[in-house]
Amino acid sequence: MKKILSFFLFLTISSYSFADDIVYYVSPSGDNKNPGTIESPLATIEKARDLIRTAPKGNGENYTICLRGGIYSFEKAVVFDKGDCLEGNGQITIVNYKNEKVVFSGGKTLPFSKFNLVENKEVLKRMRPEARNMVVEFDLKANGISYEDELTRTGFAHDIQPSSCVLFFDDEYQRLSRWPNEGKLPVGEVLDMGTKYRWEKNVPLRGAIFRYGYERAKLWGNANDIWLYGVFSNGYSDDNLKVEYFDTKKKILKTVQPHVYGVYSSADSSTWDVATSRHLRGYYVYNLLEEIDRPGEYFIDRETGKLYFWPPAPIQGAKIQLSQMAQPFLVFQDVSNVTVKGLTFECSRGMGIYMDLCQQCYR
């Protein structure tokens with residue numbers, strides 16, 4: 001699965017002087033009723049931005065939003081637009097204070113104390129024997145933690161969009177359960193390539209049907225949200241396809257969506273373009289409760305709202321987060337003379353900074 005989802009971006013500086021600037025200090029422990037001094041800092045960047053908007057302008061003033069160390073939780077973007085531009089050469093700088101670590105987080109913390117061993121007998125039957133005493137569950141729905149109704153489809157020819165929610169354990173990305181754990185499975189004989197929607201226009205979209213050669217699918221009879229990630233035609237055109245069904249008697253599967261060029265067998269050499277990609281073609285199966293079989297794997301049951309997770313280390317005291325925020329942390333639209341320095345962006349589903357129609361903006 002394409003891992004655009006959540007990322008860590010660290011920008012830092014050794015020192016920064018803003019002695020001549022008008023400075024508003026912000027701290028995770030601040031209060032927006034404060035004046036924004038170092039002794040009485042504000043709580044949010046939005047409030048500092050609003051104070052700059054209403055401050056006197058016209059003499060080329062420079063403004064600094066100085067962030068004290070700590071974690072700032074975000075649920076929506078902070079937007080700077082054309083109205084935030086300063087006259088003349090006036091600068092707005094967003095910077096950390098004296099190299100203190102400033103973290104912008106777009107995730108929700110899942111308290112380790114609310115994880116429990118799985119007790120539901122029907123769920124345990126679906127799990128691998130080696131996982132039954134290792135996997136813990138967390139009730140996202142009961143704890144007000146949001147998640148998408150369906151995984152986000154990413155890959156070649158798809159619009160760039162926020163990723164699905166991603167789980168982090170002590171700041172390390174965890175992996176959706178998959179099989180096989182390493183490598184890819186060959187695409188078997190193709191019975192129906194599906195709609196080649198790159199060329200076939202104004203026709204109903206039809207998923208592909210192809211054969212597989214493994215017995216493992218017999219374990220997945222109770223799963224209803226199975227996905228494939230792989231290369232199904234040319235070597236550059238990776239894709240994620242949801243499975244409509246596995247026919248374990250005939251050993252064929254059908255995908256819900258078509259692939260942009262249609263699905264080709266790993267053995268296909270009928271045309272020049274796909275023949276050159278045969279060695280790259282293949283897929284793995286993911287998003288299965290039944291395939292949590294090693295530490296660091298997880299699965300979200302989107303019907304029940306339960307998260308199932310095999311922790312890679314003792315869960316007591318661990319920092320466990322699920323990415324939530326789909327918007328960028330900072331948006332700059334038609335602005336100039338803005339500098340951003342010394343920030344860490346983490347645990348989001350989208351971008352750290354978005355800029356459009358900007359001039360003289362730096363990081």
Side-chain angles (χ1 to χ4, degrees), residues 1 3 5-8 28 70-75 103-152 162-179 181 219-220 222-227 284-326 344-350:
M1 188 175 182
K3 296 178 178 63
L5 10 106
S6 302
F7 62 91
F8 289 75
I71 298 175
Y72 296 79
S73 296
F74 281 69
E75 294 185 355
V103 176
F104 286 6
S105 176
K108 292 287 188 181
T109 297
L110 311 184
F112 64 84
S113 61
K114 294 188 177 182
F115 281 85
N116 300 292
L117 286 173
V118 179
E119 296 181 350
N120 186 296
K121 292 182 179 179
E122 294 303 314
V123 173
L124 289 169
K125 285 180 183 178
R126 292 177 56 188
M127 292 168 54
R128 301 283 300 169
E130 64 269 30
R132 289 171 186 160
N133 292 321
M134 306 301 294
V135 172
V136 292
E137 67 178 10
F138 184 95
D139 195 328
L140 297 170
K141 188 176 293 185
N143 285 281
I145 307 295
S146 63
Y147 54 91
E148 316 84 356
D149 293 333
E150 186 170 87
L151 290 171
T152 303
S163 75
S164 303
C165 294
V166 175
L167 186 68
F168 290 86
F169 184 91
D170 284 341
D171 295 330
E172 293 292 331
Y173 164 77
Q174 304 301 289
R175 190 177 75 168
L176 271 174
S177 55
R178 58 166 279 185
W179 184 81
N181 285 326
L219 302 175
W220 306 334
N222 292 314
N224 58 7
D225 192 18
I226 307 174
W227 287 72
Y284 61 78
V285 188
Y286 71 93
N287 200 46
L288 287 149
L289 173 67
E290 291 82 354
E291 293 303 334
I292 301 179
D293 63 354
R294 66 178 185 177
E297 288 194 320
Y298 72 96
F299 165 76
I300 296 175
D301 187 323
R302 284 173 164 74
E303 289 187 357
T304 66
K306 296 286 186 68
L307 164 71
Y308 298 94
F309 177 44
W310 186 334
I315 202 167
Q316 190 77 17
K319 176 184 176 184
I320 308 169
Q321 295 173 292
L322 190 70
S323 62
Q324 299 277 284
M325 185 170 159
T344 297
F345 302 89
E346 70 176 31
C347 203
S348 81
R349 296 170 49 209

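The structure presented is a predicted model; accordingly, all values stated were derived computationally and were not measured.
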Checklist line | For the student: nearest non-hydrogen atoms of Val136 and Pro311, plus distance | finding: CG2-CG, 3.9 Å

Note to self: Can you confirm whether more than 12 heavy atoms, excluding those of Asn116, are under 6.0 Å from its CG atom?
What the structure shows: yes

Item checked: Student check: side-chain heavy atoms of Met134 and Arg294 closer than 4.5 Å -> no

Check: What pair of heavy atoms forms the shortest contact from Arg349 to Ala326, and how long is it?
Finding: NH1-CB, 3.9 Å

Notebook entry, point to check: Taking C-beta and beyond as the side chain, do Met325 and Phe345 meet within less than 4.5 Å on heavy atoms?
Noted result: no

Item checked: From CA spacing to verdict: side-chain contact (heavy atoms from CB on, under 4.5 Å), Asn133, Leu117 -> CA-CA 7 Å; Asn133 292 321; Leu117 286 173; 5.9 Å; no

Note to self: Is any side-chain heavy atom of Ile320 closer than 4.5 Å to one of Phe138?
What the structure shows: no

Next item on the list: Could you tell me the separation between the CG atom of Asn287 and the CZ atom of Phe299, rounded to the nearest 0.5 Å?
Entry: 5.5 Å

Note to self: If you count every heavy atom of other residues, nucleotides or ligands that lies below 6.0 Å from Lys114 atom NZ, does the total exceed 12?
What the structure shows: no

Check: Ion pair present between Lys141 and Glu303, side-chain N to carboxylate O less than 4.0 angstrom?
Finding: no

Item checked: Side-chain donor/acceptor of Arg132 to backbone N/O of Met127, under 3.5 Å -> yes

Note to self: Treating Arg126 as the side-chain partner and Glu290 as the backbone partner, does any N or O pair qualify as donor plus acceptor under 3.5 Å?
What the structure shows: no

Margin query: Is any side-chain heavy atom of Glu130 closer than 4.5 Å to one of Asp293?
Written below: yes

Notebook entry, point to check: Would you find a donor on one side and an acceptor on the other, under 3.5 Å apart, between the side chain of Ser348 and the backbone of Gly350?
Noted result: yes

Notebook entry, point to check: Using a distance-only test with no angle check, is there a side-chain donor-acceptor pair under 3.5 angstrom linking Arg175 and Asn181?
Noted result: yes

Item checked: Short side-chain to backbone donor-acceptor contact, Glu148 and Cys165, under 3.5 Å -> yes

Next item on the list: For side-chain contact (heavy atoms from CB on, under 4.5 Å), just list the numbers for Leu307 and Tyr147, CA-CA rounded to whole Å, side-chain angles, deciding distance to a tenth of an Å, and then say yes or no.
Entry: CA-CA 10 Å; Leu307 164 71; Tyr147 54 91; over 6 Å; no

Checklist line | Contact check, side chains of Phe309 and Leu167, non-hydrogen atoms, under 4.5 Å | finding: yes

Next item on the list: Tell me yes or no: between the side chains of Thr152 and Ser163, is some donor less than 3.5 Å from an acceptor?
Entry: no

Checklist line | Heavy-atom donor-acceptor pair, Glu137 side chain to Val135 backbone, under 3.5 Å | finding: no

Check: Once you round to the nearest 0.5 Å, how far does OG of Ser105 lie from OH of Tyr72?
Finding: 13.0 Å

Next item on the list: Under the side-chain contact (heavy atoms from CB on, under 4.5 Å) rule, what do Phe168 and Tyr173 come out as? Steps first, then yes or no, please.
Entry: CA-CA 5 Å; Phe168 290 86; Tyr173 164 77; 4.0 Å; yes

Notebook entry, point to check: How long is the span from the CG atom in Leu151 to the OH atom in Tyr286, to the nearest 0.5 Å?
Noted result: 5.5 Å

Note to self: Please report the interatomic distance CG(Leu219) to CG(Leu288), rounded to the nearest 0.5 Å.
What the structure shows: 10.0 Å

Note to self: I want to check something: taking the side chain as every heavy atom from C-beta on, are Val285 and Trp220 in contact at a cut-off of under 4.5 Å?
What the structure shows: yes

Check: Does Val166 offer a backbone N or O that forms a donor-acceptor pair with the side chain of Ser323 under 3.5 Å?
Finding: yes

Notebook entry, point to check: Is Glu297 paired with Arg178 through a side-chain N to carboxylate O contact shorter than 4.0 Å?
Noted result: no

Margin query: As an exercise, state the distance from OG of Ser177 to CG of Leu289, rounded to the nearest 0.5 Å.
Written below: 7.5 Å

Notebook entry, point to check: Can you name the nearest heavy-atom pair linking Asp225 to Arg302, along with the distance?
Noted result: OD2-CD, 4.0 Å

Check: Does Glu346 reach the main-chain N or O of Asp171 with its side chain, forming a donor-acceptor pair under 3.5 Å?
Finding: no

Check: To the nearest 0.5 Å, how far apart are CG in Asp170 and NZ in Lys319?
Finding: 8.0 Å

Notebook entry, point to check: Do the non-hydrogen side-chain atoms of Tyr298 and Phe169 ever get within less than 4.5 Å of each other?
Noted result: no

Next item on the list: In sequence, state the C-alpha distance, the side-chain angles, and the governing distance for Leu110 and Leu140, and then conclude on side-chain contact (heavy atoms from CB on, under 4.5 Å).
Entry: CA-CA 9 Å; Leu110 311 184; Leu140 297 170; 4.2 Å; yes

